[in-house]
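One structure is given below, encoded as structure tokens.
As the structure lists them, so they are numbered: ligands from 1, and atoms in each ligand from 1.
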Amino acid sequence: MLEEFNNSQPDFVNQVKTSIIKNNNVSHAYLIETNSFSKSKELVIALAKILLCPNITNDNHEQNCRICNLIDNNNYPELITIEPEGNVIKKEQLLTLQNRLKTKSLTGSKRVYILFDADKLNITSANTILKFLEEPEEGIIAILVTENRYRVMETILSRCQILTLHTDMNNIDDLKKDKQYDVFWNIINKIELDGVQTLAYIQDLWYDKFLDKDECLNFLDLFETLYLDLLEHENDKDFLKKKYGQAINNIVNKIDTKNIIYKLRVIEEEKNKLRYNVNLKLWIDNFIIKITRGGEINA
Ligand SMILES: [Zn+2]
């Protein structure tokens with residue numbers, strides 16, 4: 001079950017083995033931060049099986065376990081999965097969930113619900129889910145899945161146990177192929193090393209290259225990936241150097257967790273603004289000011 005993730009997600013596997021399997025210490029809500037891990041869906045289902053299949057900790061767990069097969073086919077009544085409809089998880093979907101959970105468990109076992117793309121909750125649905133999380137019911141376990149935790153409201157985060165996955169190493173070459181990659185490093189170095197003094201310089205760099213909304217969004221993804229890596233691999237500089245090469249040398253010793261979290265929040269906020277109709281040049285100015293100010297706070 002978990003073995004298949006031994007190499008790609010050793011931390012996750014260890015955490016689950018120690019807390020859930022060995023110590024039977026089950027949280028009432030998990031938030032899985034996928035960091036674009038390519039097999040995150042399979043991994044989430046594996047976790048659901050561990051939580052739901054009573055045979056799993058048994059050495060004789062059969063290859064062809066009936067319960068696990070039902071889960072794989074999305075046919076197990078005690079597992080409910082929810083995905084966004086259109087681009088949002090609607091309040092109605094959560095009310096339906098709530099009603100289903102009110103009825104008695106069919107098998108007498110635990111029940112699990114999974115919220116994929118948990119960052120796609122709007123304000124009303126986020127409040128609905130918050131109420132569930134605030135008043136957990138015995139035997140009901142929530143698994144929220146999101147690409148990164150900074151997309152999820154803090155009030156929700158604080159009620160979940162967070163399990164973080166690692167980016168796959170093979171995504172890295174794609175990153176380097178990005179045509180914006182060199183400009184990106186130029187800008188990052190300016191932001192991290194020189195801060196606001198070089199505002200005008202950064203504006204020039206940016207104006208020159210991207211005056212299109214999609215390109216800017218794509219560009220923000222690069223920022224986000226880097227800052228998430230800096231946060232997650234703060235103590236693993238070898239990983240960072242392996243992934244980003246020479247480029248990261250200048251900033252790798254300047255990692256400041258508070259500053260990075262501030263920047264990740266700025267990126268999320270600005271991404272949302274960018275999705276609406278904004279004046280792109282004004283938006284770029286505003287983004288640069290906010291993101292370089294993060295560097296200044298800690299100077
Ligand atoms: Zn099973």
**OP:** For the Zn ion (ligand 1), report each protein N, O or S atom nearer than 2.8 Å, sorted by chain and then by residue number.
**Re:**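 Result, waters dropped: Cys53 SG, His61 NE2, Cys65 SG, Cys68 SG.
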
Original post:
Going from OG1 on Thr164 to CD on Gln9, what distance comes out if it is rounded to the nearest 0.5 angstrom?
Top reply: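 Spacing of OG1 (Thr164) from CD (Gln9) equals 10.0 Å.
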
**OP:** Could you tell me whether Lys41 sits above the aromatic face of Phe116, with NZ or CZ closer than 6.0 angstrom to the six-membered ring centre and within 45 degrees of the axis?
**Re:**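 Cation-pi check for Lys41 and Phe116: passes.
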
Original post:
Going by distance alone, is a donor N or O of one side chain under 3.5 Å from an acceptor N or O of the other, for Asn127 and Lys131?
Top reply: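 No, Lys131 and Asn127 have no side-chain donor paired with an acceptor closer than 3.5 Å.
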
**OP:** Scan side-chain atoms only and decide if Tyr244 and Asp229 contain a donor-acceptor pair under the 3.5 Å cut-off.
**Re:**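 Yes - a donor-acceptor pair under 3.5 Å links their side chains.
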
**OP:** Output yes when Lys110 and Glu78 qualify as a salt bridge under the 4.0 Å nitrogen-oxygen rule, no when they do not.
**Re:**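 Here Lys110 does not pair with Glu78 in a salt bridge, since their nearest N and O are not under 4.0 Å apart.
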
**OP:** State which residues pass side chain to side chain contact (heavy atoms under 4.5 Å, CB included) with Val88; sequence neighbours excluded, sorted by chain then number.
**Re:**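 Val88 satisfies side chain to side chain contact (heavy atoms under 4.5 Å, CB included) with Lys90, Asn122 only.
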
